[in-house]
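Data first, discussion second: the structure below is written as structure tokens.
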Amino acid sequence: MDEAFNKARELGEIMLSSPLSARLEAARAAFDNDMEARETLFTYNEKHRRVEELMSNDTSGEDFKAANEELREAMEKLQKDKVIEELINCESRFNNYVTQVLNIIKATVLGEDSCTGDCSGCSGCH
């Protein structure tokens, strides 16, 4: 196998051993073990699908108003759930981390590697 593939796999393993990855795994485990959080997300997804279905069928009136209100209530409950909030925050932080690493690799390959890892003066990763 090509050395680049080996290094990419090694980099992936390093990233998976990061504190961000550990925190994401802990958040996933907490969510998986919290039936109320799982039910909250499931209910929200069902309400969201119902509103989309009504919109695609060009349904308006009382059915749509009721479904939209149920979706709003489900969203409020979803936003108040600390387990779900932690999971979303951890996923977002880890995804940003991965994006930053990929952007550094891309800049290096393109000969634009001036990245120091300090993102305070850079808008390229976001």
Side-chain angles (χ1 to χ4, degrees):
M1 186 179 282
D2 187 84
E3 183 180 4
F5 292 123
N6 290 332
K7 293 294 183 182
R9 191 170 319 290
E10 182 181 340
L11 178 58
E13 290 169 3
I14 291 168
M15 294 171 73
L16 286 175
S17 67
S18 74
L20 287 174
S21 180
R23 189 163 176 194
L24 175 57
E25 286 306 309
R28 285 179 177 158
F31 175 78
D32 288 345
N33 292 317
D34 189 319
M35 286 302 291
E36 186 176 337
R38 291 170 55 196
E39 182 63 31
T40 298
L41 183 59
F42 177 79
T43 299
Y44 170 79
N45 286 334
E46 288 230 323
K47 304 294 182 188
H48 190 265
R49 275 192 292 276
R50 176 71 176 138
V51 167
E52 284 183 337
E53 177 185 313
L54 290 170
M55 286 174 52
S56 70
N57 293 333
D58 207 21
T59 304
S60 57
E62 294 305 312
D63 285 346
F64 182 75
K65 281 184 180 180
N68 211 26
E69 178 60 23
E70 289 176 11
L71 176 61
R72 186 191 63 73
E73 291 170 2
M75 184 182 304
E76 284 179 6
K77 187 173 181 183
L78 184 79
Q79 291 172 335
K80 291 177 183 175
D81 191 295
K82 296 300 180 191
V83 171
I84 293 172
E85 179 183 23
E86 176 68 5
L87 178 59
I88 291 169
N89 287 337
C90 289
E91 285 177 339
S92 178
R93 281 188 225 113
F94 189 76
N95 288 340
N96 287 338
Y97 171 60
V98 170
T99 298
Q100 288 174 340
V101 170
L102 292 174
N103 284 337
I104 292 168
I105 292 169
K106 180 180 175 185
T108 302
V109 169
L110 295 176
E112 303 167 357
D113 189 20
S114 60
C115 184
T116 63
D118 174 19
C119 298
S120 61
C122 177
S123 61
C125 293
H126 302 286

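Since we're looking at a predicted model, the values are computed, not measured. Along the sequence shown, residues carry numbers from 1.
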* Are any side-chain N or O atoms of N33 and backbone N or O atoms of A29, one a donor and one an acceptor, separated by less than 3.5 Å? -> yes

* To do: Might you confirm whether atom CD of E36 has over 12 heavy atoms from other residues, nucleotides or ligands at distances under 6.0 Å?
  => no

* To do: Specify the closest pair of heavy atoms between L54 and A67, including all atoms of both residues, with the distance to one decimal.
  => CD1-CB, 3.5 Å

* Least distance between heavy atoms, A37 atom then I84 atom -> O-CD1, 3.4 Å

* Within residues 37-49 or reaching into it, pairs that qualify as salt bridge (Lys or Arg N to Asp or Glu O under 4.0 Å) - sequence neighbours excluded -> K47-E70

* **Pairs satisfying salt bridge (Lys or Arg N to Asp or Glu O under 4.0 Å), at least one member in residues 87-111, at least two apart** => none

* Asked: Is T40 close to V83 at the side-chain level, that is, under 4.5 Å between some pair of heavy atoms?
  -> no

* Asked: Quick one: are M15 and V98 in side-chain contact, heavy atoms under 4.5 Å?
  -> yes

Hey, what do you get for [atom1] ([X]) to [atom2] ([Y]), rounding to the nearest 0.5 Å?
| X | Y | atom1 | atom2 | value |
| --- | --- | --- | --- | --- |
| I88 | L41 | CD1 | CG | 8.0 Å |
| L71 | T43 | CG | OG1 | 11.5 Å |
| M75 | N68 | CE | CG | 9.0 Å |
| K77 | K80 | NZ | NZ | 10.0 Å |

* Structure fact -> Contacts satisfying side-chain hydrogen bond (donor to acceptor under 3.5 Å, both in side chains) that involve residues 14-24 (not counting sequence neighbours) are R23-E86

* To do: Sort and list the pairs that fulfil ring pair (Phe, Tyr, Trp, His ring centres under 6.0 Å) and have at least one residue in residues 76-103, not counting sequence neighbours.
  => F94-Y97

* Inter- and intrachain pairs under ring pair (Phe, Tyr, Trp, His ring centres under 6.0 Å), touching residues 27-47, at least two apart -> Y44-H48

* Tell me, with the steps shown, if E76 and R72 meet side chain to side chain contact (heavy atoms under 4.5 Å, CB included). => CA-CA 6 Å; E76 284 179 6; R72 186 191 63 73; 2.2 Å; yes

* To do: Find out if a path of hydrophobic residues (ILVMFWY) with successive side-chain heavy-atom gaps under 4.5 Å connects L24 to I14.
  => no

* Asked: In the single-linkage hydrophobic clustering (I, L, V, M, F, W, Y; side-chain heavy atoms under 4.5 Å), do V101 and V109 co-cluster?
  -> yes

* Partner residues of D32 under the side-chain contact (heavy atoms from CB on, under 4.5 Å) criterion, sequence neighbours left out -> none

* Asked: Which is it for E13 and R9 under the salt bridge (charged side-chain N to carboxylate O under 4.0 Å, His left out) test, yes or no, and what are the steps along the way?
  -> CA-CA 6 Å; E13 290 169 3; R9 191 170 319 290; 5.7 Å; no

